[in-house]
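First up is the structure itself, then whatever we jot down about it.
Computed from heavy atoms alone, side chains included, the values below leave out hydrogens, waters and symmetry copies. This is a predicted model, so every value here is computed, not measured. Within every chain, numbering begins at 1; the chains are lettered A, B, ... in the order of the sequence lines, protein sequences first and strands thereafter.
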4 protein chains.
Amino acid sequence: MDDARGRVGRPRSEQARVAVLQAVDDLLVEIGYAAMTMKGIAERAGVGRQTVYRWWSTKAEILFEAGAADAEQELAIEPAGSPLDDLTAYLEALVRFLWRSPAGAAYRALLGEAQHDPAVAELLAGKDILGDSARVVIERALPDSRMPIERATALLIGPTFFWVLSGRDPAGLDARTLAEDFLRQV
Amino acid sequence: MDDARGRVGRPRSEQARVAVLQAVDDLLVEIGYAAMTMKGIAERAGVGRQTVYRWWSTKAEILFEAGAADAEQELAIEPAGSPLDDLTAYLEALVRFLWRSPAGAAYRALLGEAQHDPAVAELLAGKDILGDSARVVIERALPDSRMPIERATALLIGPTFFWVLSGRDPAGLDARTLAEDFLRQV
Amino acid sequence: MDDARGRVGRPRSEQARVAVLQAVDDLLVEIGYAAMTMKGIAERAGVGRQTVYRWWSTKAEILFEAGAADAEQELAIEPAGSPLDDLTAYLEALVRFLWRSPAGAAYRALLGEAQHDPAVAELLAGKDILGDSARVVIERALPDSRMPIERATALLIGPTFFWVLSGRDPAGLDARTLAEDFLRQV
Amino acid sequence: MDDARGRVGRPRSEQARVAVLQAVDDLLVEIGYAAMTMKGIAERAGVGRQTVYRWWSTKAEILFEAGAADAEQELAIEPAGSPLDDLTAYLEALVRFLWRSPAGAAYRALLGEAQHDPAVAELLAGKDILGDSARVVIERALPDSRMPIERATALLIGPTFFWVLSGRDPAGLDARTLAEDFLRQV
DNA sequence: GTGTAATCGAGACGGTACGTCCTGTCTTCGG
DNA sequence: CCGAAGACAGGACGTACCGTCTCGATTACAC
């Protein structure tokens with residue numbers, strides 16, 4: 001309705017849109033975030049640069065759109081029977097996401113950029129990928145907890161988040177132990 | 001010793017060194033990390049660009065040298081009497097550092113860059129500012145703990161670290177509560 | 001006939017045609033030839049770009065169509081009684097045309113473009129605005145001359161043409177003197 | 001002296017300067033004035049674009065510097081014995097220059113551009129290539145003429161100039177006849 | 001003192017990405 | 001089929017910064 005009314009002119013090309021998102025995905029793996037350029041994205045996608053700028057302002061925006069869906073899916077956990085198993089499975093997924101997954105690499109790059117670029121910070125603030133995924137798990141595992149969900153989230157995610165982002169080797173992490181630690185607090 | 005050997009030629013100018021470090025400090029506050037350039041640093045310092053490149057490879061290196069001493073000092077806590085008070089004071093200092101301090105801004109910028117730049121990651125790995133400061137406090141407050149210090153560090157720092165870096169408002173944090181949570185685990 | 005055959009569909013819009021020609025006239029005065037673009041012309045005329053391209057290939061073509069009629073009229077001189085007066089009047093008109101008239105500005109722009117663009121050269125070759133106007137005057141003033149008309153044309157127009165196009169100030173020209181010079185040769 | 005005093009920084013590269021001028025000369029012949037771009041010139045010269053922009057503002061300026069010396073030389077005529085021979089030789093050189101010479105093509109392109117670009121007009125006004133060369137010949141051939149040199153110049157050059165620039169075939173020109181016509185006026 | 005040598009500020013060098021603009025084509029809807 | 005609108009791929013624009021390179025000038029140590 002909002003879309004179909006007074007539309008005039010050539011409509012946006014879906015083909016160009018997915019080509020750009022795919023190019024960003026590929027380039028992130030091949031050359032990394034820092035080496036990615038708007039020019040390079042456009043060329044890789046076989047798309048004019050103006051077309052890229054018409055729909056996204058920065059490579060951060062494209063990366064966000066390209067990675068958000070994957071991220072959400074990778075952090076969604078099947079119920080595992082017990083609270084401890086649930087939390088363990090989630091923390092394992094979190095490590096996998098942050099450490100190895102392309103979507104996680106994108107997330108870390110964006111979060112890094114957000115530390116010194118308010119525009120990116122705002123972009124990330126619009127969709128709290130980690131917090132949302134953790135809330136689902138916590139509410140399922142501890143429906144009766146009286147701890148505010150925000151604080152519980154930080155306690156659950158924080159240690160792993162710090163461990164990975166500060167460059168420590170995730171091999172030194174044990175998800176089950178962390179889950180047990182968490183249950184002792186909450 | 002390293003310096004006194006058969007050195008010949010004009011020695012490094014201490015004046016140029018501090019001018020560069022000062023310029024980086026100033027520019028970080030004035031224009032932010034992303035907008036800082038090697039060219040801009042050299043001009044602000046009144047120094048030739050070659051002189052900058054001669055002693056540092058990247059702006060990350062300069063920033064690191066400029067901020068490390070401040071960071072260490074801001075995270076060093078006087079013994080406060082009780083373990084809970086000690087830990088609370090440390091977490092308060094940590095929030096101040098990450099959230100408001102220029103040195104903390106530098107640290108966050110570097111940590112962000114480290115997520116997609118291995119050279120910066122290595123730089124940070126060389127000096128574990130957060131981990132070192134936390135270890136001191138933990139060993140003082142809990143001399144008898146049998147939990148590995150690395151894990152204890154992650155449990156202590158993690159929630160606050162995640163809270164701030166993910167863009168949440170530190171006003172929602174309560175250091176004493178977090179310290180109590182921590183003591184329940186360890 | 002050409003028009004009356006089995007034409008089908010919406011006929012060419014006269015309104016669009018004159019809007020484009022008017023836009024070109026306006027833009028030539030307002031921003032000059034070099035700054036004119038096909039995009040700008042279409043927008044100024046309130047016309048689709050495709051409509052412009054459908055009927056003209058280049059801005060030179062539009063400008064030519066827009067200025068030709070004016071040029072012809074500005075260079076047509078009423079008989080003035082004597083050959084000398086006729087020629088003087090013509091040379092004065094020529095200076096006015098080349099120096100101040102919008103149509104003259106268009107002509108000079110096109111002639112300039114023709115020096116490095118064969119397509120424009122061919123366009124101008126199709127209608128010899130200056131030569132045709134001079135021939136009329138010369139044949140009227142000197143019906144018995146045995147000098148080839150082409151050479152006479154060059155002798156009459158050349159000095160003024162050179163003067164103006166090489167950027168000299170037309171104030172330094174005296175049409176009557178030039179007419180006398182011309183009569184001495186022919 | 002003026003140059004050698006307080007110079008600081010790396011001096012301008014003569015090698016880059018001649019590479020650019022040579023590239024412009026080549027490109028003018030190969031692809032023509034209109035198709036020449038600053039980007040193309042820089043690439044052809046194996047030079048950074050900034051280097052081109054540092055020393056010249058427009059392709060017109062480069063072309064002017066590249067062609068001026070050639071033009072001057074091509075229009076300098078050896079004394080031929082008689083005024084008529086002198087003037088004939090000059091007019092023949094003028095036709096050669098305007099019609100066939102690469103330097104002449106450059107001149108025509110610049111003169112064309114000058115018709116709608118005041119910056120180029122000013123550039124050409126700074127060095128009156130045609131006028132200067134004609135003055136030399138006229139003053140040598142007619143040392144006692146009382147006609148102002150500017151007017152004599154226009155009478156001498158004008159017809160040929162008009163003939164060539166308006167796209168007429170120079171085969172139809174006869175230099176000796178034009179020289180005779182000129183002598184009849186002056 | 002007189003080299004010798006590494007430093008300094010300055011600024012030009014060849015490159016490359018930036019974000020904008022225009023090109024000429026295309027794809028939509030409405031007359 | 002024409003027309004307005006506007007997105008498309010492409011490519012030049014002029015600018016900024018990259019990291020390197022030459023300059024002349026300075027400043028130490030070794031002779």
Next item on the list: Respond yes when some side-chain nitrogen or oxygen of R54(B) is under 4.0 Å from OP1 or OP2 of dC8(E), and no when none is.
Entry: yes

Check: Quick one: the side chain of R12(B) and the base of dT7(E), do they pair up donor-acceptor inside 3.5 Å?
Finding: no

Check: Below 4.0 angstrom, N of the basic side chain to O of the carboxylate: do K59(A) and E113(A) qualify?
Finding: no

Margin query: It should be established whether T51(B) places a side-chain nitrogen or oxygen under 4.0 Å from OP1 or OP2 of nucleotide dC8(E).
Written below: yes

Checklist line | Rounded interatomic separation in angstrom, taking CE from M38(C) and P from dT25(E) | finding: 10 Å

Note to self: So, does R10(D) get its side chain near the phosphate of dT22(F), meaning an N or O under 4.0 Å from OP1 or OP2?
What the structure shows: yes

Notebook entry, point to check: CG/L21(D) to CD/E65(D) distance, rounded to the nearest 0.5 angstrom?
Noted result: 5.0 Å

Margin query: Suppose we call a contact any N or O donor and acceptor under 3.5 Å apart; does that hold for the side chain of R49(B) and the base of dG11(E)?
Written below: no

Check: Any side-chain heavy atom of M38(A) sitting closer than 4.5 Å to one from R49(A)?
Finding: no

Item checked: From dT22(F), dG14(F), dT23(E), nucleotide with atom closest to T37(C) side chain -> dT23(E)

Note to self: What is the distance, to the nearest angstrom, from the OH atom on Y53(A) to the P atom on dA9(F)?
What the structure shows: 15 Å

Next item on the list: Identify whether any heavy atom of G46(A) sits under 4.0 Å from a base atom; if not, whether one sits that close to sugar-phosphate; answer base, sugar-phosphate or nothing.
Entry: sugar-phosphate

Item checked: Per Q50(A) side chain, nearest of listed nucleotides dG11(E), dG6(F), dT20(E) -> dT20(E)

Notebook entry, point to check: Of all of residues 29-36 of chain D, which get a heavy atom below 4.0 angstrom from DNA chain F, listed by number?
Noted result: none

Check: dT7(E) P sits how many Å from W56(B) CH2, rounded?
Finding: 13 Å

Check: Is W55(A) near enough to dC8(F) that one of its side-chain N or O atoms lies under 4.0 angstrom from OP1 or OP2?
Finding: yes

Margin query: Under 6.0 Å from the ring centre and within 45 degrees of the ring axis: does the NZ or CZ of R12(D) meet both conditions for the six-membered ring of W55(D)?
Written below: yes

Notebook entry, point to check: Can you name the residues that form a side-chain contact (heavy atoms from CB on, under 4.5 Å) with A121(D), not counting sequence neighbours?
Noted result: A114(D)

Next item on the list: Figure out the CG/P separation between L27(A) and dA17(E), and round it to whole Å.
Entry: 12 Å

Margin query: I'd like to know if E30(D) pairs up with R44(D) as an ion pair, taking the criterion as any Lys NZ or Arg NE/NH1/NH2 lying under 4.0 Å from an Asp or Glu carboxylate oxygen.
Written below: yes

Check: Roughly how many Å is it from CD in E14(C) to P in dC2(F), rounded to a whole number?
Finding: 15 Å

